[in-house]
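I have placed the structure first, in the form of structure tokens, so that the comments after it can refer back to it.
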Amino acid sequence: IEIDAEDAVMSFRFPDPPASTHLVGKLEKAAQQYGDLIVFRDLDLEITRGEKIAIVGPNGAGKSTFCRMITGEEQPSSGHHELGPKSKPSFFNQNHADELDPDLTVLETVEQIQTRGSKMSARDVLGCFLFKGDDVFKKVGVLSGGERSRVALVRMLVRPANFLILDEPTNHLDMQSQDILQKALIDYPGTLLIVSHNRNFLDNIVQKTMEFRPNEDPRMFAGNLTYYLDKTEEDEKAAKGRTSSAPSQSAKPAAAKGPQLSSKERRKKEAAIREKRNKVLKPLQNEFESVEKQIADLEGAQTTISAHLEKPEISGDTEELRKATNAYEQASKKLEMAYSKWETLSDQIEKLQAELAN
């Protein structure tokens with residue numbers, strides 16, 4: 001970490017992280033269960049180099065459990081966990097504050113894990129996070145819980161790492177410290193997972209948002225926290241609209257009594273339904289099947305490119321690595337578009353089938 005003090009406002013930036021393979025971390029069919037409590041199950045996820053992902057959801061939904069599992073600090077109760085061969089994670093967890101040696105000073109606690117030859121000043125970094133002057137000589141044992149959490153955060157920041165995992169890092173920071181940390185994370189070129197509900201802090205840092213909810217599968221959104229909130233609000237409104245428009249079973253209106261259709265009129269109505277099904281519904285269903293195949297092909301392409309990126313001869317060749325990375329990004333963009341089209345077609349087919357049934 002290099003310190004740059006200008007106009008009495010401290011800031012720092014991360015040095016270039018150690019080289020990383022394309023695959024940073026992976027979970028396959030991963031589940032976690034504590035006794036009768038099932039946190040999540042069958043979780044499949046790949047974290048790739050350079051991704052910056054926000055982890056959101058209510059307390060108890062599994063966010064912290066997921067962070068411990070993706071770093072290997074906690075093994076899944078079933079399924080598979082894998083770190084990339086060159087992944088060097090550094091994990092900030094609120095619980096790590098309780099593991100600090102109470103007999104060391106704040107300064108000693110940070111200096112003991114500094115790498116040799118580092119030009120940065122531990123005192124300057126501590127100053128960014130509210131430890132001013134003689135505060136650095138306090139024993140860890142006399143610090144408050146919030147102060148110990150800040151020391152644990154600084155320890156994580158001074159470790160060389162290419163995969164940062166931050167669990168609620170802003171809880172005990174003032175606005176200036178949050179701003180310092182945010183700017184450093186925006187410029188950080190490594191991979192980042194960050195648990196937080198602070199939209200102002202997250203929005204300029206992350207490109208994806210992963211949502212955890214109790215008793216539901218985690219969902220990934222291709223955007224920052226604002227995008228995620230807007231998208232979930234749209235989905236909830238759409239769901240309410242479908243619910244309100246669907247007739248209740250308990251309040252189903254009695255069939256209206258009226259003149260029965262003649263055989264000729266009934267045949268004419270049935271013919272109109274068949275025509276609409278053939279001209280409108282069938283093409284939608286064919287397009288839906290085509291999009292499903294496209295999604296399968298793109299997911300297969302991503303798997304192939306990921307395996308290609310893991311080859312030593314590729315990771316050591318700058319030009320080939322650039323080409324393969326660009327190919328993976330293009331496949332990801334196409335996959336997002338295909339998913340969106342799949343959802344639209346699914347809704348259209350569902351509505352049309354309901355209309356024809358009536």
Side-chain angles (χ1 to χ4, degrees), residues 20 23-28 30-34 37-77 79 81-84 87 89-97 149 152-153 156-157 161-173 178 181-182 184-186 188 190-233 235 332 336:
S20 167
L23 176 66
V24 175
K26 182 178 182 180
L27 293 172
E28 287 183 332
Q32 191 55 279
Q33 183 172 353
Y34 307 110
L37 175 62
I38 299 174
V39 183
F40 47 73
R41 63 180 72 189
D42 293 332
L43 176 56
D44 292 315
L45 178 70
E46 284 192 5
I47 306 294
T48 56
R49 182 179 55 240
E51 287 190 308
K52 294 183 177 181
I53 304 173
I55 310 296
V56 301
N59 292 336
K63 304 187 300 295
S64 296
T65 299
F66 165 74
C67 289
R68 293 193 297 270
M69 284 176 56
I70 198 67
T71 60
E73 187 170 292
E74 178 178 325
Q75 291 301 311
S77 56
H81 165 260
E82 178 184 349
L83 273 178
S87 294
S90 187
F91 183 22
F92 170 69
N93 185 331
Q94 299 286 348
N95 295 331
H96 290 173
S149 290
L153 176 62
M156 186 222 68
L157 295 176
N162 51 28
F163 183 23
L164 300 183
I165 304 91
L166 308 179
D167 192 354
E168 300 286 2
T170 63
N171 274 1
H172 303 286
L173 301 182
Q178 288 185 32
L181 180 59
Q182 182 191 53
L185 292 174
I186 289 171
Y188 175 64
T191 305
L192 172 67
L193 298 180
I194 181 165
V195 179
S196 180
H197 297 90
N198 187 333
R199 188 196 304 196
N200 291 333
F201 181 77
L202 287 178
D203 263 359
N204 292 327
I205 299 174
V206 302
Q207 298 92 30
K208 292 183 178 181
T209 302
M210 189 174 185
E211 177 200 56
F212 284 80
R213 288 187 179 183
N215 305 317
E216 294 183 19
D217 294 332
R219 298 191 297 170
M220 186 73 79
F221 294 80
N224 61 14
L225 197 59
T226 294
Y227 171 86
Y228 155 74
L229 293 171
D230 290 343
K231 187 71 169 66
T232 51
E233 184 179 358
D235 292 345
S332 296
E336 282 295 328

If we only count heavy atoms from C-beta on, is the Arg219 to Thr232 side-chain gap below 4.5 Å?
yes
Any chance CG of Asp217 has more than 12 other-residue heavy atoms, nucleotides or ligands included, within less than 6.0 Å? no
Side chain to side chain, Ser149 and Asn171, heavy atoms closer than 4.5 Å
no
Side-chain touch Asn93/Cys67, heavy atoms, less than 4.5 angstrom: no
For Leu225 and Arg199, the nearest pair of non-hydrogen atoms, with its separation, is CD2-CA, 3.5 Å
Side chains of Leu166 and Met156, heavy atoms from C-beta outward: is any pair under 4.5 Å?
yes
Margin query: Using side-chain heavy atoms (C-beta onward) and a distance below 4.5 Å, is Leu185 in contact with Phe201?
Written below: yes
Output for pair (Lys63 NZ, Ile194 CD1), nearest 0.5 Å, gives 13.0 Å
Q. Does the side chain of Lys26 reach to within under 4.5 Å of the side chain of Glu28, using non-hydrogen atoms?
A. yes
dist Arg49:CZ -> Glu51:CD (nearest 0.5 Å) comes out at 11.0 Å
Scanning both residues in full, the closest heavy-atom pair of Leu83 with Pro89 reads CD1-CG, 4.1 Å
For Phe221 and Tyr228, take the angle between the two ring planes, folded into 0 to 90°, and tell me which bin it lands in: parallel under 30, tilted 30 to 60, perpendicular over 60. perpendicular
Shortest non-hydrogen pair, Pro76 vs His81, comes out as CD-CB, 4.2 Å
| task | Determine whether Asp167 and Arg68 make a side-chain contact, defined as any pair of heavy atoms from C-beta on separated by less than 4.5 Å. | result | no
Heavy atoms of Leu153 and Pro169 approach each other most closely as CD2-O, 3.9 Å
Separation between CG (Leu173) and CD (Gln182), nearest 0.5 Å, reads 12.0 Å
Taken to the nearest 0.5 Å, the spacing of Ile55 CD1 from Ser64 OG works out to 10.5 Å
query: Checking Lys52 side chain against Tyr188 main chain: does a donor-acceptor pair fall under 3.5 Å?
result: yes
_Under a 3.5 Å distance rule, please check whether Asn204 uses its side chain to pair with a backbone N or O of Ile186 as donor and acceptor._
no
Correct closest heavy-atom pair for Asn162 and Ser20 would be ND2-CB, 3.7 Å
Are Leu193 and Phe163 packed together at the side-chain level, in the sense that at least one heavy-atom pair is separated by less than 4.5 angstrom? yes
message: For a quick check under 3.5 Å, do Gln178 and Asn200 share a side-chain donor-acceptor pair by atom type?
response: no
Value for CE (Met220) from CE (Met210), rounded to nearest 0.5 Å, stands at 5.0 Å
Polar side-chain atom of Thr48 near backbone of Leu23 as donor-acceptor pair, under 3.5 Å:
no
For Gly223 and Thr209, the nearest pair of non-hydrogen atoms, with its separation, is O-OG1, 2.8 Å
The reported gap from CZ in Phe66 to CG in Leu45 (rounded to nearest 0.5 angstrom) is 5.0 Å
| query | Would Leu27 and Ile70 count as a side-chain contact (heavy atoms from CB on, under 4.5 Å) if you check the C-alpha gap in whole Å, the side-chain angles of each, and the deciding distance to 0.1 Å? | reply | CA-CA 7 Å; Leu27 293 172; Ile70 198 67; 3.9 Å; yes
Partner of Phe40 under side chain to side chain contact (heavy atoms under 4.5 Å, CB included), picked from Arg213, Gln33, Glu216, Met69, is Met69
